[in-house]
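To keep things clear, I will list the structure first and then write my remarks on it.
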Amino acid sequence: MTAERITFIGGGNMASSLIGGLIADGYDAQTLTVSEPDSVKREALAGRFGVRTCADNLAALVGAGTAVLCVKPQVARQVCRDIAGAVARETPLLISIMAGITEASIQAWIGHPVAVVRTMPNTPAMIQSGAIAMHASPQVDSEQHNRAETIMRACGLARWVADEALVDVATAVSGSGPAYFFLLMEAMEQAGIDLGLEPEDARLLTIQTALGAARMAIESDDPPERLRERVTSPGGTTEQALSVLDEGGFAPLVERAIGAARQRAVEISRILAEEP
Ligand SMILES: NC(=O)c1ccc[n+]([C@@H]2O[C@H](COP(=O)([O-])OP(=O)(O)OC[C@H]3O[C@@H](n4cnc5c(N)ncnc54)[C@H](OP(=O)(O)O)[C@@H]3O)[C@@H](O)[C@H]2O)c1
């Protein structure tokens, strides 16, 4: 087992994104192996990144220090059971990006309490701009902890949560979060069009505003609340708009929406753990 060797089980969208990020960060492509059943995807990954590919999960794990589980949640159980022997032999750190699959499920399917880091990325991870929540099982040592963080940082911001249950909260906030911002963008764009802007102007002005606001929020030492107050002059246009949003119950509505998403994340996790 070599700590530097990373094997990806599943070579789809998220694996490609992580691999792209790792290579951009200076990882040697020859230390990365992808196991993927689809030969077209294997050839595409090898051609694009120069990584090693194979069709056999067990062969891919030989010598791996880290295995990143990048398959769909629906096949997680089968894949974990298939690789159990190789995991027992090679003892890699397992990093799961599979939505809704708990550390306990992975350990039960593998058959012993392996070191697992459970992560919850979001779609912008595909362009290395993700927000990724991470949780480590008690078996993860400090070197593995750092290794997992370095790998996941290749596709965005990585934040550890103290309790695995908080992964469901992160799923509701950042996992589903891009859709909330897209919805807001859609509504702003439509309002601009309805009030007379050319569709292309409405779209670009909205998107650039979202990007600019996010960049200000991330680069500023002030919280969003202060940034909002600073653009809200008394008696001005922003104040008018915000008072309409407030009357409509914007903040409690968002709170309810995120609560509902978290509840659904909990239910999906339970269903995936119980499925035969
Ligand atoms: N996309 C996101 O934004 C996002 C966000 C958070 C979490 N995730 C999680 O990321 C994981 C991967 O998502 P994705 O969007 O990358 O899915 P994807 O593009 O479908 O990738 C999964 C890959 O796994 C391959 N595969 C299927 N069975 C396999 C097996 N037995 N052994 C090895 N590989 C196998 C699939 O090949 P075939 O296509 O040939 O079946 C496919 O190429 C999911 O668990 C998802 O919950 C994704």
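Heavy atoms only: backbone and side chains are in, while hydrogens, waters and symmetry mates are out. For this chain, numbers begin at 1 and follow the sequence in order. Atoms within a ligand are numbered from 1 in the order they appear, just like the ligands themselves.
- Close approach of ligand 1 to M120 is summarised as follows: ligand atoms under 4.0 Å from at least one heavy atom of the residue are 6 (C).
- Classification of D25 and R153 as a salt-bridged pair fails, no side-chain N sitting under 4.0 Å from a carboxylate O.
- Judged purely by distance below 3.5 Å, without hydrogens or angles, the side chains of Q144 and Q139 never pair a donor atom with an acceptor atom.
- At a heavy-atom cutoff of 4.0 Å, ligand 1 is contacted by both the backbone and the side chain of A99.
- The protein heavy-atom contact nearest to atom 21 (O) of ligand 1 is G12 CA, 3.2 Å.
- Within the 4.5 Å cutoff, the side chain of R52 has no heavy atoms near those of the L32 side chain.
- Note on M14: it does not cluster hydrophobically with L94, by side-chain heavy-atom contacts below 4.5 Å among ILVMFWY residues.
- In terms of modelled atom types and a separation under 3.5 Å, the side chain of T238 and the main chain of T232 share no donor-acceptor contact.
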Exercise. For the pair H135 and E103, evaluate side-chain hydrogen bond (donor to acceptor under 3.5 Å, both in side chains) and give the outcome as yes or no after the intermediate values.
Key: CA-CA 9 Å; H135 181 265; E103 291 156 22; 2.6 Å; yes

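- Each of the atoms 33 (C), 34 (N) of ligand 1 lies under 4.0 Å from some heavy atom of S35.
- With salt bridges taken as basic N to acidic carboxylate O contacts below 4.0 Å, none links E267 and R270.
- Summarising the contacts of atom 6 (C) of ligand 1 with G130, A125, P121, the nearest heavy atom is found in P121.
- For the residue pair T171 / R262, no side-chain donor-acceptor distance below 3.5 Å is found, with atom types taken as modelled.
- No N or O atom of M126 sits closer than 3.5 Å to an N or O atom of ligand 1.
- Both the backbone and the side chain of I97 come within 4.0 Å of ligand 1, counting heavy atoms alone.
- Annotation for ligand 1: atoms under 4.0 Å from non-hydrogen atoms of T123 are 3 (O).
- Between the side chains of N122 and S174, no donor-acceptor pair is found at a separation under 3.5 Å.
- Between the side chain of R42 and the main chain of E36, a donor-acceptor pair closer than 3.5 Å is present.
- Using a 4.0 Å cut-off between heavy atoms, N57 contacts ligand 1 through its side chain alone, with no backbone atom that close.
- Listed by chain and number, the residues in a side-chain contact (heavy atoms from CB on, under 4.5 Å) with L157 are R159 (sequence neighbours excluded).
- In terms of polar-atom proximity, N13 is counted as a contact of ligand 1, with an N or O under 3.5 Å from an N or O of the ligand.
- Residues R147 and T66 have side chains that bring a donor and an acceptor to within less than 3.5 angstrom of each other.
- Each of the atoms 40 (O) of ligand 1 lies under 4.0 Å from some heavy atom of D38.
- Contact annotation for Q78 and ligand 1: no heavy atom of the residue comes within less than 4.0 Å of the ligand.
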Practice problem: Kindly indicate, with the supporting measurements, whether the criterion side-chain contact (heavy atoms from CB on, under 4.5 Å) is fulfilled by I95 and T119. | Solution: CA-CA 7 Å; I95 300 179; T119 73; 3.9 Å; yes

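- When hydrogens are left out, the protein atom nearest atom 24 (O) of ligand 1 is G10 CA, 3.5 Å; that is the closest non-hydrogen contact.
- The protein atom (non-hydrogen) at minimum distance from atom 37 (O) of ligand 1 is E36 OE2, 3.0 Å.
- Annotation for ligand 1: atoms under 4.0 Å from non-hydrogen atoms of K41 are 37 (O), 38 (P), 39 (O), 42 (C), 43 (O).
- Between the side chains of E149 and W160, at least one donor N or O sits under 3.5 Å from an acceptor N or O.
- Heavy atoms of P73 approach ligand 1 to within less than 4.0 angstrom.
- In S16, neither the side chain nor the backbone holds a heavy atom less than 4.0 Å from any atom of ligand 1.
- In terms of protein heavy-atom proximity, atom 20 (O) of ligand 1 is nearest to K72 CE, 3.2 Å.
- Residue contact check: V79 has heavy atoms under 4.0 Å from atoms 30 (C), 31 (N) of ligand 1.
- In terms of polar-atom proximity, defined here as any N/O pair under 3.5 Å, M14 does make such a contact with ligand 1.
- Scanning all protein heavy atoms for the shortest distance to atom 44 (C) of ligand 1 gives V71 O, 3.3 Å.
- Closest protein heavy atom to atom 12 (C) of ligand 1: C70 O, 3.3 Å.
- Closest to atom 41 (O) of ligand 1 among all protein heavy atoms lies P37 CG, 4.8 Å.
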